[in-house]
**Q** 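Mind looking over this structure? Questions follow.
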Amino acid sequence: MKTILEKEKEFLHPQEDNLETLQNNIAFLQKQIKGRNYLNPKFASEPFLYKEDLAKSHVPEKGKSTEEVFKTLSEMFEGSIRPQSPYALFNMVPSPLLDTVAAAAMTQLYNINSLMDAFGGKAILFEQRIARAVGRLVGWEQSYGVSCNGGKLTLFYAIKSAIAKIAPDSGREGVPKDLVVITNEGAHYCVEHVCSILGLGANQCIRIGSKEDWSMDVTELKQIMLKQLAQGKRIAAIVCCGGTTINFACDDANEVYECVEQIFEETDQSYFPYFHLDSVIGWLWFHFMGLSEIEWEQRIVNPEIRFKIKRAAEKMKGVSRFDSFGVDMHKNGLCPYATSFFISKTEECFNRLNEGTYTYGEKDFEFGNFRAYRYTIENSRPATGIAAAWVAMNRLGKRGFQEYLIRLHTLSLLFKKELQTISGVSVINTVSLGWEIVFTISFNRIQLDTFYDESDEIAKAFIQYCWNETNKGREIPLISIVPEYKVCPGDKLKTAFLLYPMSLFSEEKVEEIVRALASCIYEFEMKVVKRVTPISDAPLEKPIR
């Protein structure tokens with residue numbers, strides 16, 4: 001009797017002759033996934049408890065057939081978002097181009113490890129081609145970069161580079177205690193965690209207050225810098241916002257840079273901080289940089305959309321003076337997870353990111369000698385993001401990315417128009433330069449019929465109701481919640497809802513989707529009034545952005 005491996009041997013070599021088998025396996029697995037149709041935004045899922053489930057987990061004594069394994073594997077997809085659905089409005093998650101998925105899959109078929117080009121083919125060369133091409137969007141002619149898994153790692157590489165720039169011996173001797181990192185109050189919540197991981201300490205991340213448009217307040221920045229310098233601290237990095245998920249916090253890069261430059265000249269410092277733009281979202285706007293006034297009007301006909309895109313691009317144009325920036329092509333580059341890039345202005349990143357015992361030279365840039373493990377956080381490093389990014393960049397080009405951003409804004413305007421037709425719904429983030437929609441709901445029926453006046457608790461109960469219904473596989477909008485939302489920095493905290501239009505195919509369905517949301521609100525209110533659905537003060541975890 002043949003063993004499992006003997007039976008499968010014909011599929012192990014040569015792989016390229018068995019693409020049909022791979023396609024059939026994917027098709028079989030897809031058919032096993034429950035609750036899959038055109039509109040439902042999530043695959044249906046039942047509640048579960050980790051400890052109870054894990055108690056039944058073990059390695060089987062004998063191997064199983066492909067069909068048996070795939071039938072059980074299909075359960076993994078239960079409860080996951082289906083970005084292909086126009087009802088999937090939860091966060092910035094696009095449906096990736098099939099070409100990018102195919103390219104990523106091919107790197108896995110041949111198990112490419114972008115550890116070093118001695119056996120990883122030209123994966124690292126393509127990685128650097130992408131970094132150079134994207135860097136040139138902002139005027140960097142000698143840019144290099146690192147493909148990585150997520151925007152958090154782009155911040156990791158940036159702050160690690162900053163520490164090495166200010167304290168060159170830190171790679172061997174450890175992080176000095178006098179370094180701090182400065183960022184906007186609206187910057188991503190993970191900056192502190194990155195500082196913690198790097199040994200700098202979460203408390204060494206100092207957040208600066210924002211102005212009305214969520215850009216960094218340079219007056220406060222100046223005060224904080226002078227205070228830190230007076231205390232003997234060294235400012236390792238300035239991390240500026242290049243667009244955030246909510247409110248599109250975007251710093252005026254030139255204004256911040258010039259403020260820091262002035263302070264360091266006046267105080268006669270012997271070093272200068274590292275500058276990073278957290279543009280994992282805002283990188284898409286780089287494709288508009290350098291347009292003439294005539295080109296702006298030709299490319300973007302709608303004046304409201306033109307103003308928003310142009311204003312954001314103007315605020316970020318100072319990135320040309322920075323040391324690095326981040327890119328998330330899985331957010332708004334139509335690539336699958338995870339396709340991120342840390343882009344450095346020069347090749348100096350390779351020296352700042354290593355352990356301090358090696359210096360990159362010309363010999364390293366010859367084929368066969370480039371070794372990424374000297375500076376990357378991983379040794380075993382997939383090439384999926386490199387392949388996907390290369391395909392997206394070349395399939396779309398500048399014009400394609402420009403059109404994509406314009407269409408996302410157009411979709412947002414369509415949703416806003418329809419939302420205004422629902423009684424009790426108010427769009428409140430009207431000054432954001434992004435295309436996200438934040439809105440509130442006045443649950444009048446509940447407040448009138450039950451005298452329940454805790455609007456925050458009603459809002460939390462409603463979003464939990466929506467999520468429970470989408471977990472059943474229902475075709476209702478999958479939206480998100482912002483428990484502590486502020487339109488402007490000085491506003492009072494309020495609970496609001498977030499709708500993120502990402503599917504370009506939903507343009508003709510906007511009215512239908514909004515009607516479904518209105519029906520869901522009515523359904524929820526009636527169930528609360530009839531005491532079918534309770535309202536409790538149970539804590540609600542903030543969704544990850």
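Heavy atoms only: backbone and side chains are in, while hydrogens, waters and symmetry mates are out.
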**Q** Find out whether P489 and K211 are in side-chain contact, i.e. whether some heavy atom of one side chain is under 4.5 Å from a heavy atom of the other.
**A**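 Sidechains of K211 and P489: no contact.
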**Q** In plain terms, say whether R132 and E127 are close enough for a salt bridge, that is, a side-chain N and a carboxylate O under 4.0 Å apart.
**A**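 Result for this pair is no, no salt bridge flagged.
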**Q** Restricting to non-hydrogen atoms, name the atom on V319 and the atom on M289 that form the minimum distance, rounded to 0.1 Å.
**A**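 Looks like CG1-CE, 4.4 Å.
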**Q** Return the set of residues passing side chain to side chain contact (heavy atoms under 4.5 Å, CB included) with N379 (not counting sequence neighbours), or none when no residue passes.
**A**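 Listed in chain order: L115, Y373.
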**Q** Is any side-chain heavy atom of N184 less than 4.5 Å from a side-chain heavy atom of R207?
**A**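 A side-chain contact under 4.5 Å is absent here.
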**Q** Identify the two heavy atoms, one from A249 and one from T244, that lie closest to each other, and give their separation to 0.1 Å.
**A**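 Smallest interatomic distance, heavy atoms only, reads N-OG1, 2.8 Å.
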**Q** Should K317 and E314 count as an ion pair when the cut-off is N to O under 4.0 Å?
**A**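 E314 and K317: not salt-bridged.
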**Q** With distance as the sole criterion, is a donor-acceptor pair present between the side chains of E355 and T357 under 3.5 Å?
**A**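 A pair is found: one side chain offers a donor N or O, the other an acceptor, under 3.5 Å apart.
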**Q** If you compare all heavy atoms of I343 against all heavy atoms of W140, which two are closest, and at what distance to 0.1 Å?
**A**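 Closest approach of I343 to W140, heavy atoms only: O-CZ3, 3.7 Å.
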**Q** Considering only residues two or more places apart or on different chains, which pairs with a residue in residues 149-163 satisfy side chain to side chain donor-acceptor pair (under 3.5 Å)?
**A**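 Only K152-H193 qualify under side chain to side chain donor-acceptor pair (under 3.5 Å).
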**Q** May I ask you to decide if the ring planes of F77 and F43 are parallel, tilted or perpendicular, using 30° and 60° as cut-offs?
**A**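 It falls in the perpendicular class, over 60°.
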**Q** Can E141 and R136 be counted as an ion pair, charged N to O under 4.0 angstrom?
**A**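 The answer is yes: the pair qualifies as a salt bridge.
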**Q** Taking the six-membered ring of F350, is the NZ or CZ of R374 close enough (under 6.0 Å from the centre) and on axis enough (within 45°)?
**A**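 That pair does not qualify as a cation-pi contact.
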**Q** Between Q269 and T267, is a side chain to side chain donor-acceptor pair (under 3.5 Å) present by the stated rule, with each step listed?
**A** CA-CA 6 Å; Q269 300 298 315; T267 56; 3.1 Å; yes
**Q** Would you say the side-chain atoms of R381 and N113 include a donor-acceptor pair closer than 3.5 Å?
**A**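 No donor-acceptor contact under 3.5 Å links the two side chains.
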**Q** Scan side-chain atoms only and decide if H330 and T339 contain a donor-acceptor pair under the 3.5 Å cut-off.
**A**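 Short answer, no.
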**Q** Please find the pair of heavy atoms, one from P336 and one from A388, that lie closest to each other, and give the distance.
**A**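 For P336 and A388, the tightest heavy-atom pair comes out as CD-CB, 3.9 Å.
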**Q** Going by side chain to side chain donor-acceptor pair (under 3.5 Å), name the pairs with one or both residues in residues 384-400, residues two or more places apart or in two chains.
**A**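 Output for this query lists D99-R395.
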**Q** Cation-pi check, R407 to Y404: give yes when NZ or CZ is under 6.0 Å from the six-membered ring centre and within 45° of the ring axis, no otherwise.
**A**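 No, cation not above the ring by the 6.0 Å, 45° rule.
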**Q** Picking from W283, W285, W435, what satisfies side chain to side chain donor-acceptor pair (under 3.5 Å) with N332?
**A**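 For N332, the side chain to side chain donor-acceptor pair (under 3.5 Å) test succeeds with only one of W283, W285, W435, which is W283.
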**Q** Which atom names give the shortest non-hydrogen contact between A392 and F401, and what distance separates them?
**A**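 Shortest heavy-atom contact: O-CZ, 3.8 Å.
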**Q** Is D252 salt-bridged to K315, going by a charged N under 4.0 Å from an acidic O?
**A**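 Salt bridge between D252 and K315, a charged N being under 4.0 Å from a carboxylate O: no.
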